[in-house]
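Because the structure is predicted, anything quoted here is derived from the model rather than measured. Proteins come first, then strands; the chains are lettered A, B, ... in the order of their sequence lines, and each starts at number 1.
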Amino acid sequence: MSEQPTPTNIESLHEQEVARRAKREQVRALGLDPYGSRTPGIVPLREARARYDEKADAEHQAGGADNRPRVTVAGRVVLLRDTGKLVWINLRDETGDLQAAVSRKDCDERGFEAAKLTDLGDVVVLEGPLMRTRTGEVTVWASSLRPAAKSLAPPPSKHEGLTDTELRYRQRYVDLWANPETKGVFALRSRIVSRIREIMDGLEFLEVETPMLQALAGGAAARPFRTRLNALGIDVFLRIAPELYLKRLLVGGFSRVYEINRNFRNEGLDRQHNPEFTMLEAYEAFGDVTTMMDLTERLVRESARLVADERGTPDDLRLPFGETVIDYGSPFERVTYADLFGRALGFAPTDLDRVWREAEQRGVTAKYARHLAEEGRAPAGGTLRGRVDDALVVNELFEAFAERTLDPGRPTFVTDYPAAISPLTRPKPSNPALADRADLFIGHMEIAPMYTELNDPDVQAEKFRAQLAGLDEEEATFRTFDEDFVRALKVGMPPAGGMGLGIDRLVMLLTDQRSIRDVLLFPFMRPEGSGPG
RNA sequence: GCCUCCCUAGCUCAAUCGGUAGAGCAGCUGACUCUUAAUCAGCGGGUUGAAGGUUCGAGUCCUUCGGGGGGCACCA
């Protein structure tokens, strides 16, 4: 046929693909299309198994009338046992596995011949009555079999599946059919996101979509991806956060908005970071950090409940994550930033002499020295104090030594963050050095920050300016002052609470996956074959 | 970007101190109408990620490159 590979081509193919191509031709010679066609009435395998009728089967086996339910099923061939005039085929679809048998006596002739030409990994359609074998296995006893998709690729080990992590990520389409657990993770992810949408919609939050292509990449402190808008001849950025647009909607009069969508950050890749990741961001007019904490706790607990239901233990919201068990059922812990700092370090974050001494001893200020040196502003061997914001150094100590002391099994809100590291957050009226910001930690991961949003345009403008002051040239190109956002605040934004929930990390926790790549269908991978050879 | 470990047949894995690459499954040929990781008999399959180097001899040691895992840095 026209699409047959040339001889030189065929030599380059692996023997197993050659064999499969030959069988595909034999299927065509039978007058069957190896790639199938529209097929009505296909019953999912789990449903087919459920339709098995014990009485009808017994009646038929006793020589009575054949009232056995008949089904049409389709699936990928995951096991194959050819005993001559009887071929056993184990099918798999997204609902599970089911056995079928194709006998020379009971199947149509072309179907039987096609069964003999079937390989592991092929997709086939079978039709026939449901019966139980002598060993008790519910089986579709085929009256017909039709090919639906010839697989030319040799399948992974039918026993071990696909274990090579690189192949699992690069060829997710194989991983998904060969390792059913993988499909389970992504099905659960989908249901978790649906549940979150249900809850948000039920609370009358309006789901919106805001720009992913932005002329200014604001709303967070991260390096953006830069791209080009040819029509206007300008550079634009993939968003690092939707925050500044969602807040504009509060100005416009929407009182509760949320968005579940992708953010892009041009940073490192590791077990908790992918260049694109999914966030829920929500804003509530006349809310504050505490209403957002309540909302976050509810979203996380209800998501955990969904997973617990799935596990068949709906009343036990303690779920495993690696070696630890996380308790989603009890009220989440709350601890202030200063208390946690003091407990872990043994002195208060306001004791700046001690902070600087410890920071330099413990080496957390080294990177600031390096940065200043790179910019040629380094004080030769001198102290950094006075040149680096105290709050940044406090936070270095906090992240390096305090965060890790949190109990990974108890979801915990850390509250009252320093105002200096929270530029979009409203300072606490009772203590302007602190911000009305909280962060939820679970399993040693930061899952969600929550804020009382800043809505004074003058204070916002001042914070933007302060943030821009110390930037190098490269950073300055994407951290431009967002004039329009300040203009929006001048129009007047109601007081509001806001939050961002990292969906991928939440799914990691709830599906017990230690790598973000295991909860992303297509995690970012270096392109194949880019180098020499 | 840095450190470190890994890459052997289609898949999953072996190969002692540097001694001339094996197994199971898959594939091919044959047998088999209740098997289910089917079984039985036979057969083929490798530039050991790539390129250099050391050595009488390299899957094994060294260098560079590619890809991956883990860690650091950056960040959520």
Side-chain angles (χ1 to χ4, degrees), chain A residues 13-20 22-23 61 78-91 97-107 112 115 119-121 131-139 141 151-171 174 178-179 219-224 240-241 263-281 364 366-367 370-371 399-400 439-441 445-449 475 500-506 508 514-517 523 525-533:
Chain A
L13 295 176
H14 189 268
E15 51 157 347
Q16 300 204 32
E17 181 171 343
V18 172
R20 283 162 181 261
K23 289 185 195 172
Q61 296 219 11
V78 293
L79 289 173
L80 194 58
R81 297 172 297 283
D82 182 346
T83 65
K85 299 187 181 65
L86 180 63
V87 181
W88 299 94
I89 293 176
N90 289 47
L91 291 181
D97 291 6
L98 186 65
Q99 176 173 273
V102 185
S103 85
R104 176 165 212 175
K105 182 155 91 49
D106 298 314
C107 188
F112 178 75
D119 284 309
L120 285 172
M131 51 83 73
R132 207 190 271 277
T133 63
R134 281 175 206 158
T135 52
E137 186 85 22
V138 173
T139 301
W141 196 264
S151 180
L152 297 177
S157 162
K158 64 187 181 187
H159 188 208
E160 288 90 358
L162 195 62
T163 66
D164 184 286
T165 49
E166 181 174 1
L167 288 178
R168 288 186 52 228
Y169 299 147
R170 288 195 194 276
Q171 300 184 32
V174 176
N179 300 333
R223 311 188 99 73
I240 55 175
N263 290 340
F264 306 85
R265 297 191 182 177
N266 208 340
E267 312 278 358
L269 291 72
D270 63 28
R271 284 209 339 255
Q272 290 176 37
H273 301 264
N274 193 68
E276 51 180 313
F277 64 100
T278 301
M279 280 272 282
L280 160 68
E281 274 205 25
V364 295
K367 69 172 185 178
R370 205 171 61 235
H371 285 171
E399 289 182 358
D439 240 314
L440 175 61
F441 288 86
M445 285 195 286
E446 188 188 2
I447 296 302
E475 278 183 297
L501 177 63
I503 298 292
D504 310 286
R505 289 181 180 178
L506 178 64
M508 283 171 65
R514 305 308 297 243
S515 171
I516 195 170
R517 296 189 183 100
M525 299 292 279
R526 229 183 205 95
E528 289 177 272
S530 48

> If only atom types and distance count, is the side chain of R265(A) paired as donor or acceptor with the main-chain N or O of I240(A) below 3.5 Å?
Replying inline: yes

>> Closer than 3.5 angstrom, by distance alone: can the side chain of T139(A) be matched with the main-chain N or O of W141(A) as a donor-acceptor pair?
In response: no

>> For R104(A), is the CZ atom crowded, meaning more than 12 foreign heavy atoms sit under 6.0 Å from it?
In response: no

Using the [atom1] atom in both, what is the distance from [N] to [M], to the nearest Å?
N	M	atom1	result
rG66(B)	rA76(B)	P	29 Å
rA21(B)	rA58(B)	C1'	12 Å
rG57(B)	rG30(B)	C1'	43 Å
rC13(B)	rA51(B)	P	25 Å
rC62(B)	rU16(B)	P	16 Å
rU47(B)	rU8(B)	C1'	12 Å

>> Please enumerate all residues that pass salt bridge (charged side-chain N to carboxylate O under 4.0 Å, His left out) together with D82(A), with sequence neighbours excluded.
In response: K116(A)

To the nearest Å, give me how far apart [atom1] ([X]) and [atom2] ([N]) are.
X	N	atom1	atom2	result
W141(A)	rC34(B)	CH2	C1'	6 Å
D106(A)	rU33(B)	CG	P	14 Å
E17(A)	rA9(B)	CD	P	18 Å

>> So A101(A), base contact, sugar-phosphate only, or nothing? Heavy-atom distance under 4.0 Å.
In response: nothing

> When we call it a touch if two heavy atoms are under 4.0 Å apart, what does D504(A) touch: a base, just sugar-phosphate, or nothing?
Replying inline: nothing

>> With nearest nucleotide decided by heavy atoms, which residue, I516(A) or Y169(A), maps closer to the 5′ end of RNA chain B?
In response: Y169(A)

>> Using heavy-atom distances to pick each residue's nearest nucleotide on RNA chain B, tell me which of A220(A) and L79(A) is more 5'.
In response: L79(A)

> Ignoring hydrogens and angles, are the base of rU35(B) and the side chain of T133(A) linked by a donor-acceptor pair under 3.5 Å?
Replying inline: yes

> Looking at rU35(B), does its base get a donor-acceptor pair with the side chain of Q99(A) below 3.5 Å?
Replying inline: yes

> So what does the secondary structure string of RNA chain B come out as, 5' to 3', with Watson-Crick or wobble pairs under 3.5 angstrom, [ ] for crossing and | for pairs with another strand?
Replying inline: (((((((..((((.....[..)))).(((((.......))))).....(((((..]....))))))))))))....

> Counting just side-chain N and O atoms, does R526(A) come under 4.0 Å of either OP1 or OP2 of rG67(B)?
Replying inline: yes

Provide a list of protein-nucleic acid N or O atom pairs under 3.5 angstrom, restricted to nucleotides 25-29 of chain B.
{"unit_1": "rC25(B)", "atom_1": "O3'", "unit_2": "K158(A)", "atom_2": "NZ", "d": "3.3"}
{"unit_1": "rA26(B)", "atom_1": "OP1", "unit_2": "K158(A)", "atom_2": "NZ", "d": "2.6"}
{"unit_1": "rA26(B)", "atom_1": "O2'", "unit_2": "Q16(A)", "atom_2": "OE1", "d": "3.2"}
{"unit_1": "rA26(B)", "atom_1": "N3", "unit_2": "Q16(A)", "atom_2": "NE2", "d": "3.0"}
{"unit_1": "rC28(B)", "atom_1": "OP1", "unit_2": "K23(A)", "atom_2": "NZ", "d": "2.9"}

